[in-house]
Novice: 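Once you've had a glance at the structure underneath, I'll fire off some questions.
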Amino acid sequence: MIRNDLFLRALKGEDVNRPPVWMMRQAGRYLPEFMEIREKYDFFTRCQTPELASEITVQPIRRFGMDAAILFSDILVIPQAMNIEVQMKPNFGPYLPNPIRSVKDLERVVVPNINDTLGYVMEAIKMTKEKLEDEIPLIGFAGSPWTILCYCVQGQGSKSFDLAKGLCFTQPQAAHELLQKITDTTIAYLKEKIKSGCDVVQIFDSWGGMLSPVDYQEFSWQYIQQIIDALKDEAPVIVFGKGCWFALKEMAQSGASALGVDWTCSAQNARYLTGGQITLQGNFDPARLLSPPEDIKKMVHQMVNEFGKNRYVVNLGHGILPNIPVENARAFIDAVKEY
Ligand code: CP3
């Protein structure tokens, strides 16, 4: 049994003395010990080497003592496993040299055997669970099918993902075929992650907010719903949709255990839209971690007061930024523990 089960209890909706806390992208470039490993190994070597991935996963836990760990990996290991080449270019980000732009391109996209292609993730999970010694739960994650499609079609990050939207609006059949292949792969992948030891899974719909509410239903939400349906009886599912406040009402009735919100949606509005019953996670502006530590603590206490201590998981509204001082990240975590 897991000794610190605050996070699991919050996901079940049980009353707690204080809410649990973790930070999206908590294993990352703001940590000097992460940068040390980063100098020696390229990105996918770090993901594919269980010793490295598990070490990076526990680095922030050792330093700050969050209430949950999130496995170090990336959402783009899924397209890689589906036979779409993904590179991580220094000072550029993800780069997919052969993007999917037509029905013809789709022919080479496979729904892979998970253990053959992503067995290294399962090994990293087992090794991480050993290092965590049942102290706190481990979160496994995947991108939403729409967010993965964005990279597969655009071929790189983008402010508008115009080519990804273009495929959806001009060749909807091709887009849906790709979304379904990603969905099938993601379900098999997350099931295997849970079998390997992940206690909770989170779906990152980082680019869901690029779609209109109507298009969101067609190109993103229906696939996330398939993933929730397939997994909810095996582990709690958290859905984080950046910019997706407009879909919160529907999301609250999906069977997900918690919903992530970003900092553009107030606690009051998020509670109102979700009917006050489901656990919410968020939503500190990641850039607000640049404020002085005393200010961070005050703002965190105010945030907890606004969401309420129950049915709430303290987090940022998106991933932590690389330029955040370590002491400011500590103030964020400590503020919750002192609450
Ligand atoms: O949360 C954690 O600590 C676990 C690690 C994690 C990474 N990526 C490691 C990573 C998680 C949860 C992700 C998810 C991810 N990856 C998302 C969804 C979450 C979000 O922030 O919206 C997305 C969209 C990606 C795709 C991706 N991977 C991008 C856009 C980049 C480049 C970012 C940049 O600023 O360079 C990556 C690379 C990446 N993934 C890094 C890390 C720590 C940075 C590169 C490096 O360490 O060399």
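For this chain, numbers begin at 1 and follow the sequence in order. Atoms within each ligand, like the ligands themselves, are counted from 1 in listed order.
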Novice: Quick check: does any side chain N or O of Asp67 sit under 3.5 Å from a backbone N or O of Val21, one acting as donor and the other as acceptor?
Specialist: yes
Novice: Between Asn269 and Ser266, is there a side-chain donor-acceptor contact under 3.5 Å, judged purely by atom types and distance?
Specialist: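 Short answer, no.
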Novice: Can you tell me which residue and heavy atom of the protein come closest to atom 4 (C) of ligand 1, and the distance to 0.1 Å?
Specialist: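 Nearest neighbour among protein heavy atoms for atom 4 (C) of ligand 1, to 0.1 Å: Leu71 O, 3.6 Å.
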Novice: Can you pull out the closest protein heavy atom to atom 13 (C) of ligand 1? Residue, atom name and distance to 0.1 Å, please.
Specialist: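 Going atom by atom, the protein heavy atom closest to atom 13 (C) of ligand 1 ends up being Arg25 NE, 3.4 Å.
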Novice: Could you say whether the N/O atoms of Thr147 and ligand 1 ever approach to under 3.5 Å?
Specialist: no
Novice: For ligand 1, which atoms sit closer than 4.0 Å to a heavy atom of Phe72?
Specialist: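 Every atom of ligand 1 under 4.0 Å from some heavy atom of Phe72: 9 (C), 43 (C).
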Novice: Should Glu294 and Lys297 count as an ion pair when the cut-off is N to O under 4.0 Å?
Specialist: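 Result for this pair is no, no salt bridge flagged.
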Novice: If the test is salt bridge (Lys or Arg N to Asp or Glu O under 4.0 Å), which one of Arg9, Lys309, Arg311 qualifies with Glu14?
Specialist: Arg9
Novice: Of all the non-hydrogen atoms in the protein, which one sits nearest to atom 12 (C) of ligand 1, and at what distance?
Specialist: Phe141 CZ, 3.5 Å
Novice: Does Pro94 approach ligand 1 within less than 4.0 angstrom via side chain, backbone, both or neither, non-hydrogen atoms only?
Specialist: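 Pro94 to ligand 1: side-chain contact only, backbone stays beyond 4.0 Å.
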Novice: Quick one, Gln156 and Lys89 - any side-chain contact, counting heavy atoms below 4.5 Å?
Specialist: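 Side-chain contact under 4.5 Å: no.
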Novice: Taking atom types as modelled and ignoring hydrogens, do the side chains of Glu306 and Gln302 form a donor-acceptor contact shorter than 3.5 angstrom?
Specialist: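 There is such a pair (donor and acceptor under 3.5 Å, judged by atom type) between the side chains of Glu306 and Gln302.
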Novice: Would you compute the distance between atom OG1 of Thr185 and atom CD of Gln180 and round it to the nearest 0.5 angstrom?
Specialist: 9.5 Å
Novice: Is there a heavy atom of Gly319 sitting under 4.0 angstrom from any atom of ligand 1?
Specialist: no
Novice: Look at atom 46 (C) of ligand 1 and say which protein heavy atom is nearest, naming residue and atom and giving the distance to 0.1 Å.
Specialist: Arg38 NE, 3.3 Å
Novice: Does the pair Tyr151 and Leu76 meet the rule for a side-chain contact (heavy atoms from CB on, under 4.5 Å), with working shown?
Specialist: CA-CA 8 Å; Tyr151 289 99; Leu76 298 175; 3.9 Å; yes
Novice: Is the closest heavy atom of Arg46 to ligand 1 under 4.0 Å?
Specialist: yes
Novice: Among Asp74, Asp42, Val86, whose heavy atom sits nearest atom 27 (C) of ligand 1?
Specialist: Asp74
Novice: Heavy atom of Ser73 under 4.0 Å from ligand 1?
Specialist: yes
Novice: Test of understanding: given a 4.0 Å heavy-atom threshold, classify the contact between His318 and ligand 1 as side chain, backbone, both, or neither.
Specialist: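 It is the side chain that gets close, since no backbone atom is under 4.0 Å.
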Novice: Would you check if there is a donor-acceptor pair between the side chains of Glu250 and Gln225 at a distance under 3.5 Å?
Specialist: no
Novice: What is the nearest protein non-hydrogen atom to atom 35 (O) of ligand 1, stated with its residue, atom name and distance?
Specialist: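 Ranked first by proximity to atom 35 (O) of ligand 1 is Arg29 NH2, 2.7 Å.
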Novice: With a 3.5 Å cut-off and no angle check, do the side chains of Tyr216 and Asp205 form a donor-acceptor pair?
Specialist: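 Checked: Tyr216/Asp205 side chains pair up, N/O donor to acceptor below 3.5 Å.
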Novice: Under a 4.5 Å cut-off applied to non-hydrogen side-chain atoms, are Leu138 and Cys198 in contact?
Specialist: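 With C-beta onward as the side chain, the pair touches.
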Novice: Could you list the atoms of ligand 1 found under 4.0 angstrom from a heavy atom of Met88?
Specialist: 28 (N), 37 (C), 38 (C)
Novice: Given Phe43, Trp207, Phe34, Phe204, which has its nearest heavy atom closest to atom 45 (C) of ligand 1?
Specialist: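 Of the listed residues, Phe43 has the closest heavy atom.
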Novice: Considering only protein heavy atoms, which is closest to atom 18 (C) of ligand 1, and at what distance to one decimal place?
Specialist: Ser206 OG, 3.2 Å
Novice: Does ligand 1 have an atom under 4.0 Å from some heavy atom of Tyr151?
Specialist: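 A heavy atom of Tyr151 does come that close to ligand 1.
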Novice: Closest by any non-hydrogen atom to atom 23 (C) of ligand 1: pick that one out of Ile75, Ile139, Ile148.
Specialist: Ile75
Novice: Does Glu55 come within less than 4.0 Å of Arg62, counting only side-chain N to carboxylate O?
Specialist: yes
Novice: Polar contacts were defined as any N/O atom of the residue lying under 3.5 Å from an N/O atom of the ligand; does this apply to Ala27 and ligand 1?
Specialist: yes
